[in-house]
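These numbers come from the heavy atoms of this one structure, side chains and all, not from hydrogens, waters or symmetry mates. All values derive from a computational prediction rather than experimental measurement.
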Amino acid sequence: MLSLVLCSLCSLMVKVDAGVTVYGQIPLALQTTASAADAAATGKVLPAYDQTLLSPPALPDPRPPTAFTLTLPAQNGSVIGLSIPQHGSFFGFSIEMSVINQILGKNSSHINVPFLNLMSNIHQRAGAIDVRLGGNTQEFAKLVDDSSIPNFAAVSKEKTNLKNPTLTPAVIYTKDLFYLVANITALVNVRCPTGIPFATYNGTGWSLEIAELGQEILGDHLLGLQGGNEPDLYAAHNHRPKSYTPADYFGEFGSLVKAIAEDDKIPRKNMLIGPSLASAAWTLEQVWDTGYINAYSDSLSILTIENYPNNNCAAQYGLGTPRDPQTEFPKYLNHDSGLNIIKPFLNSSAIAHAAGKPFIMFETNSASCGGFPGISDSFGAGLWALDYGLTMAAANFSGAMLHVGGQNVFYNPFTAPPTNQTLFHQWTAGAVYYSVLIAAEVFGSTNTSQILDTSNNGIFTPSYSIYENGALARVALFNYNNDASGASDITATVKVDGGTVPAQVLVKYFAGESVSVKTNLTWAGQTLGNKYEVDGRLKGQLDVKTITCDQGANACLIPVKAPGFALVFLTESPAVQDDTPPTTFATTAVTRMFNTATVDPAILATSNGISGKQRQKNHLGSTSKGALLAANGNAGSGLRTYTPGIFGLSLVVGAALIAMRVVVAGC
Ligand SMILES: *[C@@H]1O[C@H](CO)[C@@H](O)[C@H](O)[C@H]1NC(C)=O
Ligand SMILES: *[C@@H]1O[C@H](CO)[C@@H](O)[C@H](O)[C@H]1NC(C)=O
Ligand SMILES: *[C@@H]1O[C@H](CO)[C@@H](O)[C@H](O)[C@H]1NC(C)=O
Ligand SMILES: *[C@@H]1O[C@H](CO)[C@@H](O)[C@H](O)[C@H]1NC(C)=O
Ligand SMILES: *[C@@H]1O[C@H](CO)[C@@H](O)[C@H](O)[C@H]1NC(C)=O
Ligand SMILES: *[C@@H]1O[C@H](CO)[C@@H](O)[C@H](O)[C@H]1NC(C)=O
Ligand SMILES: *[C@@H]1O[C@H](CO)[C@@H](O)[C@H](O)[C@H]1NC(C)=O
Ligand SMILES: *[C@@H]1O[C@H](CO)[C@@H](O)[C@H](O)[C@H]1NC(C)=O
Ligand SMILES: CC(=O)N[C@H]1CO[C@H](CO)[C@@H](O)[C@@H]1O
């Protein structure tokens, strides 16, 4: 995509006392006085924190029925059109290479704790999380010697214009980048596809360092190596002559395959990813017609497409015709949006499946060139992204990755605070982070979930059924209508064919006050927090509704607010009731802290299964100055899972980690 990310190094360091250094976003000196309000940046609000609130679209006319019935077979055998088995990690993230430093961490010994927590939430539900490291800037990445980037950073964005034919590297990185990622994968099951610079191929030799170091250092956590990012835009971006065709790309890809075959430092030859078109100048079929899949079948592990359903390039970069967000908003708020996005790729999804290759939407989000103010981070976008993701899964895509840019995009699932605000702000999460989180629960961790689009009540109230290990396990229900009166709330009647409904079902709701809002979003009662409040943990009491079914009538009546989303658990899976905390993390840099004044003690008290009472009783996690919290000193062994039941085992560590998850985000 055309987005140019603006970011810079984050290098906050606060000396607390001799030998103790805390790397954090909230230095102790400022904690008691600084508030988000008085410390708010003066001047222009960056797009990632934009406050535009659009008007919710008018209700459809005629109004769709508010009640409908889904009669669902109990077993998968008789279900026509059910998807291939999907992984819990179906929905992941794609992180622009130039912002790795802001998002993942500064270097291998300074991992951002909020990032770990955000990944851990998904790992806990799905068993894994896929995070692509790449984007346009990967194409211009250049390895530099250890320690040659100032301030010990592993990655640095260079001042460059990606359209500049002189091809200045967009990103420089050291070998430590791979250790940074490896140290993350040692804590959370993150699987990373990345990419080989392709646009910068000079016709004679390839820069294969990313492939070499990736295989050496990331091992099995390296999910694949992209060969070309959006090659159909190379001509438009002046990376190739105007005459550049799919056949030319085919030839260059062959040269890459050959170079890898001849490189002893790349032992695994069969993990290339392509063609990753932007679906702009070429169709996937044009690439298939070159014989690409057959010719490179032994080298290709994943087939990919990248697509944004819309663009905001006029407002962001003065390119094309301006689009008014208010006019665009309704286009996202119905099931046809996702269906229309994937329509051009269904043939390729089937072709990939027949060839035994996964087909992945490698980079997507609400609109290219940064998304739209008011749309991309709204609750409506959260519903849209979840529906779009499930649509892809139902159509046999094997994965999809939501793109994460820098401070100047509207669509980020999560954003680290701007460098000059790390003193007083925490992270910000977009509504679409919840979409990925919820998708992880839709599919669960068995990797056997099969999904079917069961929408039968019009485009404003789509629905899906999910089979796990062959049996009907969950039902997903959307309501895109926006109506505070309650008159557009829906009731779905779920019936089981070839079986009977359980006596009761558990339901989790994704809730927001309207499709327009960006604040107070909750998943099963819990929230990450609003703008600048996110440390990566879900806060608040888990609220899973129990709905009693009528077994005589073989019917469960599930209400869904307008707007809203419900995930119905028909078999009481352990995950749904599970209020145990995800794994929590420390970084090597944190050895002591006190005074977590910016934390709401009520939230702390209910977080992670340890009550305030228990904490008081054990003199733990005091929020007052002077409480000494010891922490483990090694990121590689920083993995601690704890539950209320293991106090005897690791009381102190547990308390320290809770506090750190609140205040620490080493940059
Ligand atoms: C932070 O930097 C931005 C961009 O350089 C600037 O507009 C803003 O005023 C700065 N904010 C503070 C609080 O210094
Ligand atoms: C990471 O950066 C810190 C300084 O911020 C430095 O002390 C440390 O050695 C660096 N780690 C690596 C592995 O370069
Ligand atoms: C082409 O690129 C390769 C890899 O970066 C480099 O080793 C080689 O010297 C370059 N060749 C020319 C002619 O620039
Ligand atoms: C699917 O793609 C193949 C390969 O390019 C092409 O031959 C075929 O016509 C396409 N089918 C449809 C329905 O587009
Ligand atoms: C997905 O794959 C399954 C199993 O091969 C097939 O039955 C189903 O029709 C496919 N769905 C689509 C939309 O192609
Ligand atoms: C599910 O797939 C993930 C990769 O997405 C893998 O790490 C995990 O081990 C698998 N789980 C099971 C139960 O097979
Ligand atoms: C039904 O589910 C089982 C277990 O996941 C799987 O082995 C089987 O292939 C599925 N059958 C169909 C028709 O999808
Ligand atoms: C969020 O919810 C809280 C508590 O219910 C309420 O006090 C606050 O006004 C809400 N904030 C916004 C921006 O909706
Ligand atoms: C598990 C792992 O990959 N650990 C690495 C963390 O980073 C350091 C370098 O700072 C490596 O030496 C470790 O191997």
Side-chain angles (χ1 to χ4, degrees), residues 1-2 4 96-98 132-144 155 157-158 160-173 177-178 193-215 222 224-266 268-282 284 286-287 290-293 295-296 298-306 362-363:
M1 47 162 297
L2 299 171
L4 310 180
E96 190 67 42
M97 189 139 176
S98 58
R132 170 207 184 203
L133 303 172
N136 275 338
T137 49
Q138 119 210 328
E139 295 267 49
F140 305 87
K142 193 168 161 30
L143 177 70
V144 294
V155 187
K157 182 179 188 299
E158 299 298 281
T160 186
N161 178 348
L162 293 186
K163 292 183 187 172
N164 180 348
T166 61
L167 306 180
T168 324
V171 167
I172 54 174
Y173 65 94
L177 166 64
F178 295 91
T194 183
I196 294 167
F198 199 104
T200 39
Y201 173 57
N202 59 19
T204 54
W206 292 87
S207 294
L208 296 174
E209 296 87 355
I210 289 182
E212 294 167 357
L213 294 171
Q215 291 204 356
L222 180 69
L225 294 161
Q226 196 183 357
N229 187 58
E230 306 184 337
D232 54 331
L233 288 177
Y234 283 176
H237 289 174
N238 296 326
H239 305 323
R240 294 291 187 277
K242 292 290 168 224
S243 59
Y244 192 68
T245 62
D248 296 326
Y249 171 69
F250 175 90
E252 292 182 355
F253 201 88
S255 153
L256 175 63
V257 167
K258 187 162 174 287
I260 289 173
E262 290 164 357
D263 187 334
D264 294 340
K265 285 182 275 182
I266 308 179
R268 283 182 291 152
K269 316 288 187 191
N270 60 348
M271 57 186 327
L272 285 177
I273 297 173
S276 310
L277 302 188
S279 27
W282 309 339
L284 282 170
Q286 287 177 290
V287 175
T290 63
Y292 182 82
I293 298 177
Y296 305 128
D298 292 344
S299 305
L300 283 165
S301 60
I302 302 173
L303 301 176
T304 46
I305 185 69
E306 302 182 9
F362 215 46
E363 180 180 321

Exercise. From Leu133 CG over to Met97 CE, what is the distance, rounded to the nearest 0.5 angstrom?
Worked result: 7.5 Å

Seminar exercise, completed: When every non-hydrogen atom of Ser207 is compared with those of Ile196, the smallest separation belongs to O-CG2, 3.7 Å

For this session: Establish, yes or no, whether a centroid distance under 6.0 Å links the rings of Trp282 and Tyr234.
Result: no

For this session: Taking side chain to side chain donor-acceptor pair (under 3.5 Å) as the test, write out the residues that go with Lys265, two or more places apart.
Result: none

Exercise. Does the Lys269 side chain pair with the main chain of Asp263, one donor and one acceptor, at a distance under 3.5 Å?
Worked result: yes

Exercise. Atom CD1 of Ile305 and atom CG of Leu284: how far apart are they, to the nearest 0.5 Å?
Worked result: 4.0 Å

Exercise. Under a 4.5 Å cut-off applied to non-hydrogen side-chain atoms, are Leu225 and Arg268 in contact?
Worked result: no

Exercise. Say you draw a straight line from CD1 of Ile210 to CG of Leu143; how long is it, rounded to the nearest 0.5 Å?
Worked result: 8.5 Å

For this session: Check whether any side-chain N or O of Asn202 sits under 3.5 Å from a backbone N or O of Gly205 as a donor-acceptor pair, and report yes or no.
Result: yes

For this session: Would you please test Phe253 and Leu300 for side chain to side chain contact (heavy atoms under 4.5 Å, CB included) and show each step?
Result: CA-CA 10 Å; Phe253 201 88; Leu300 283 165; 3.6 Å; yes

Problem set entry | His239-Phe140 aromatic ring centre distance below 6.0 Å | yes

Exercise. Are any side-chain N or O atoms of Glu96 and backbone N or O atoms of Thr137, one a donor and one an acceptor, separated by less than 3.5 Å?
Worked result: yes

Problem set entry | Validation row: Leu272, Tyr296 side chains within 4.5 angstrom (heavy atoms) | no

Problem set entry | Contact summary for Tyr173 and Glu209, nearest pair of heavy atoms | OH-CB, 3.8 Å

Seminar exercise, completed: Note: Ala199 and Arg240 closest approach over all heavy atoms is O-NH1, 2.7 Å

For this session: Apply side chain to side chain contact (heavy atoms under 4.5 Å, CB included) to the pair Thr304 and Gln226, showing each step before the final yes or no.
Result: CA-CA 9 Å; Thr304 46; Gln226 196 183 357; 5.5 Å; no

Problem set entry | Polar contact flag, side-chain donor to acceptor under 3.5 angstrom, Tyr201-Ser255 | yes

Exercise. Could you state the interatomic distance from CD (Glu212) to CZ (Phe178), rounded to the nearest 0.5 Å?
Worked result: 9.5 Å

For this session: May I have the step-by-step check of side chain to side chain contact (heavy atoms under 4.5 Å, CB included) for Asn229 and Glu306, ending in yes or no?
Result: CA-CA 9 Å; Asn229 187 58; Glu306 302 182 9; 2.6 Å; yes

Seminar exercise, completed: When rounded to the nearest 0.5 Å, the distance separating CG of Asn270 from OG of Ser301 is 7.0 Å

Exercise. Would you say Trp206 and Ile260 make side-chain contact, with heavy atoms under 4.5 Å?
Worked result: no

For this session: For Glu139 and Phe198, indicate whether the former's side chain and the latter's backbone hold a donor-acceptor pair under 3.5 Å.
Result: yes

Exercise. For the residue pair Ala280 and Leu233, what are the closest heavy atoms and their distance?
Worked result: CB-CD2, 3.7 Å

Problem set entry | Short side-chain to backbone donor-acceptor contact, Asp232 and Ser279, under 3.5 Å | yes

For this session: Of all the heavy-atom pairs spanning Phe250 and Gly291, show the shortest one and how long it is.
Result: CE1-C, 3.9 Å

For this session: Ignoring hydrogens and angles, tell me if any N or O in the side chain of Gln138 forms a donor-acceptor pair with the backbone of Thr194 under 3.5 Å.
Result: no

Exercise. Can you name the closest pair of heavy atoms from Pro241 and Ala235 and give their distance?
Worked result: O-CB, 3.5 Å

